[in-house]
Amino acid sequence: MALTKEQMAQRIARELKDGYYVNLGIGIPTLVANYVPKGMNVVFQSENGILGMGPFPYEGEEDADLINAGKQTVTLLPGSSIFDSSTSFAMIRGQQVQLTVLGAMEVTDTGDIANWKIPGKMVKGMGGAMDLVASAENIIVCMMHANKAGESKLLKQCTLPLTGVKCVKKVVTDLGVFDITPDGFLLLERAPGVTVDEIRSKTEGRLVIPSNVPEMML
Amino acid sequence: MALTKEQMAQRIARELKDGYYVNLGIGIPTLVANYVPKGMNVVFQSENGILGMGPFPYEGEEDADLINAGKQTVTLLPGSSIFDSSTSFAMIRGQQVQLTVLGAMEVTDTGDIANWKIPGKMVKGMGGAMDLVASAENIIVCMMHANKAGESKLLKQCTLPLTGVKCVKKVVTDLGVFDITPDGFLLLERAPGVTVDEIRSKTEGRLVIPSNVPEMML
Amino acid sequence: MNKIVANADAALEGIQDDMTLMVGGFGLCGIPEKSIAALVRRGVKGLTCISNNAGVDDFGLGLLLQTRQIRKMISSYVGENAEFERQMLSGELEVELIPQGTLAERCRAGGAGVPAFFTPAGYGTEVAEGKETREFNGKMYVLENWLKADFALVKAWKGDRFGNLVYKRTARNFNPMMAMAGKITVAEVEELVEPGELDPDEIHTPGIFVNRIFKGEGYEKRIEQRTTRKRN
Amino acid sequence: MNKIVANADAALEGIQDDMTLMVGGFGLCGIPEKSIAALVRRGVKGLTCISNNAGVDDFGLGLLLQTRQIRKMISSYVGENAEFERQMLSGELEVELIPQGTLAERCRAGGAGVPAFFTPAGYGTEVAEGKETREFNGKMYVLENWLKADFALVKAWKGDRFGNLVYKRTARNFNPMMAMAGKITVAEVEELVEPGELDPDEIHTPGIFVNRIFKGEGYEKRIEQRTTRKRN
């Protein structure tokens, strides 16, 4: 069984470590915040200028002056701080953020990523994605393994305009978990009930399959 | 009669305009603050991080956390602001400071200035002087016309290591006031009782003497 | 030192056709609502607007798109705006997309007198095409130039007549850097206070960067994505 | 998230001979008194210190000069210190002088992931010798590289266990940029407060830049130039 979006977020949450500063992209990555292990201290950064972002406000307590990078109303936790956009990207480029999770349209077996532009379609812009992928030391991409047409999104080469080169370290899809290694996508874990064969058939990029690939534990 | 230091400061104060942000260097330039015309609003910047610097504190009210760029205890005026050193020099390089007054050892008739280093002597450093002279649009140098040996400090070429090139706009010495023009030092005013001949004899750089050189009014 | 002007219309004195404007805000958060409304009234055309986003159809910079006053947008993300999409696809509107961190840093550089700097963002992508690249410590970087504007329009929470500004929460965003980079910077505030009421240590934008300031009345502060959780 | 350590000695764990340190402060204002004292106790040698000034004979970095722990100073102004002068003239101490604004910007660049930038300061002088220069808009600029440090030692007024810092008056100076540029940043504060006590809008250094924080006891805060006026 392929993972649900919630399960993908749950799996990524296992990459969190105590004391991490984390930037979560829009979409599935945002859900990761719901699965921080109890007792673990993790601080969420939002690139529009927050450290210590809290959950959505209670109804009626929304503050138009307090939003996240997805433009959603949020709250602040004790110990939070607010700063301007240049300081925010100073900390991103300065590699102070220990983990960045973001979605993608395509990833290659050398860690290239494309997630901002589809030629011929309306281009909304890269937002902070190019800064994040060019700077972060620890980037996890979270995406469906194949597109709606069933074509692999784990490729030898991106077909779409790039967001960054040789930057992705790990990929979590609905089918499995992969490290980007010099030899390509190293299959670390399978989604429960998903076979190595299915993953092989849906992966266009170079795939390294160890002799034993455990099922992921959620 | 050559000007006293106080008179030099007094003369420079006449270059102030309402609404100016002004950076005053250490020494005679500092005295300019004492001669701001009544009713004129001028804000003093100190490059260690103050806008709206006030006078020295009353005895017993010194605050070790509040000093100027000369490391003297100062006070703040209402409407003042404090900022870090990078922001301070951002406003200097960004040409937000309308007038910079500083001392010098030598100035040339093309606006070069030397004021930080004497070969063979202990070098204390340039501090903020190189940033100021490279950035400011309106730099007045305030210095004695000749050194203690009687040699001109208004030169064709600096003999000392440069602080900046082609940057000085005006020079106020104990003998007169000079604009730096493409033709050299343009004599604008004489100190009371000082003759054009005396100024000519003490100026090594190219000197332009208009037909009528008024005595300065203090 | 009194930089207070009566209202937004007075504050925009001097803005002409074909000028380049910086406009603060992230999404609809911290945008200079009153200055944008005054720009519509002023009717200037052919504007180049540097702003992280482009508003929505009927608010923020979207209002200036409706009236076709913008010739070019320089932004990092321009979704959520049907009129924008129409003008862009039809070629009426020119769009330059810049990575968000690069945009922020280019504005700061403009204000800080730094004409160019190296950033890793966009290396190896179309953003770096035609730009100088260089290796430092084994990593590749792209040379980016400063951005400046004829006018910067920013929004703060509180301000005084010296132009000192304090922002509230994430309404800060691009406003401080843009305030630095405007040849003329116009600040609109929710509250005008007396000099000295703002603690000098807590001022976000020192007044030297601000040329004109006015108090806006009745801020709408529209929320783009109202997200809440239920009380237990 | 708890970055509090017991004292200065614990905070300096890991500082070794020949490391590069950034040390905040302008003159004696805003210097990390307690960390400097702990450096003397620690006895590490061969240090490169990046600091705007070099203290006075018996206070600030002057204490580390007395004990010959500093191999090289990178500063903008190093007057007022006889021992410094002696070591420099005898060649025991290496000194690199950098324009103050360039020093501040190079520290910020180190923290902001900007490996190099252009500045007008020093063009045409010996500071620019051997450096790349370039014209932008008819003016000449010098390319300067970022500065980073193994440890940055900063001093703030208040802080919390997340490492958030607030500085007091001109004791801010170089501290915020150096806090950004340290591989490990140690902050000493006069007051430790609970998270939430500092208004998020008023924090000068967000905690992400700080690795260790401790409360210093009994600050001397020596005044270098006590200047006063008489009451009328």
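Scope of the values below: all heavy atoms of this structure, side chains included, with no hydrogens, waters or symmetry mates. A quick note: this is a predicted structure, and the numbers were derived from the prediction, not measured.
Atom CD of residue A:E59 and atom CZ of residue C:R226 lie 10.0 Å apart, to the nearest 0.5 angstrom. Taken from CD in A:E47 to CZ in C:F26, the straight-line distance is 6.0 Å, to the nearest 0.5 Å. Between the CD atom of C:E224 and the CD atom of A:Q72 there is a distance of 11.0 Å, given to the nearest 0.5 Å. Here the straight-line distance linking atom CG of A:L162 with atom OH of C:Y123 works out to 11.5 Å at 0.5 Å rounding.
Residue A:I67 comes nearest to C:C29 through the heavy atom pair CD1-CB, 3.4 Å, listed as atom of the first residue, atom of the second, then distance. Counting all heavy atoms, side chain and backbone alike, A:P161 lies closest to C:E126 at CB-OE1, 3.7 Å.
Using a 4.5 Å cut-off between heavy atoms, C:Y219 makes no contact with chain A at all. Only the backbone of C:I98 comes within contact range of chain A, judged by heavy atoms closer than 4.5 Å. Looking at C:N175, neither its backbone nor its side chain comes within 4.5 Å of chain A, counting heavy atoms on both sides. Residue C:R108 touches chain A through its side chain alone, counting heavy-atom pairs closer than 4.5 Å. Both the backbone and the side chain of C:R169 come within less than 4.5 Å of a heavy atom in chain A. Heavy atoms of A:D112 lying under 4.5 Å from chain C are absent altogether.
Of the listed residues C:I223, C:N173, C:T119, the one with more heavy-atom pairs under 4.5 angstrom with chain A than any other is C:N173. Ranking A:G49, A:P57, A:A114, A:S80 against chain C, the residue ahead of the rest is A:P57, based on heavy-atom pairs under 4.5 Å. Each of C:K139, C:M177, C:E105, C:R106 has some count of heavy-atom pairs under 4.5 Å with chain A, and the biggest count is that of C:M177.
Inter-residue side-chain proximity for C:R172 and A:I82 is flagged as met; some heavy-atom pair is nearer than 4.5 Å.
Taking a cutoff of 4.0 Å between a charged side-chain nitrogen and a carboxylate oxygen, A:E61 and C:R231 qualify as a salt bridge.
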Practice task
Could you go through the side-chain contact (heavy atoms from CB on, under 4.5 Å) check for C:M140 and A:V165 one step at a time?
Solution key: CA-CA 10 Å; C:M140 295 301 298; A:V165 293; over 6 Å; no
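For C:K131, the NZ atom sits in a packed shell: over 12 heavy atoms of surrounding residues, nucleotides or ligands are nearer than 6.0 Å. Counting non-hydrogen atoms of neighbouring residues, nucleotides and ligands closer than 6.0 angstrom, the CD atom of A:Q157 reaches no more than 12 such neighbours.
Taking 4.5 Å as the heavy-atom cut-off, the residues of residues 84-91 of chain A that approach chain C are A:D84, A:S85, A:S86, A:F89, ordered by number. Residues from residues 115-135 of chain A that place a non-hydrogen atom less than 4.5 Å from a non-hydrogen atom of chain C comprise A:W116, A:K117, A:M122, A:V123, A:K124, A:G125, A:M126, A:G127, A:G128, A:M130, A:D131, A:A134, A:S135, given in numerical order.
Listed for the C:T170 side chain is a donor-acceptor partner under 3.5 Å among the backbone atoms of A:D65. Remark: side-chain polar atoms of A:T73 are paired, donor with acceptor, to backbone N or O of C:T227 under 3.5 angstrom. Judged purely by atom type and a 3.5 angstrom limit, C:T125 has no side-chain atom pairing as donor or acceptor with the backbone of A:G164.
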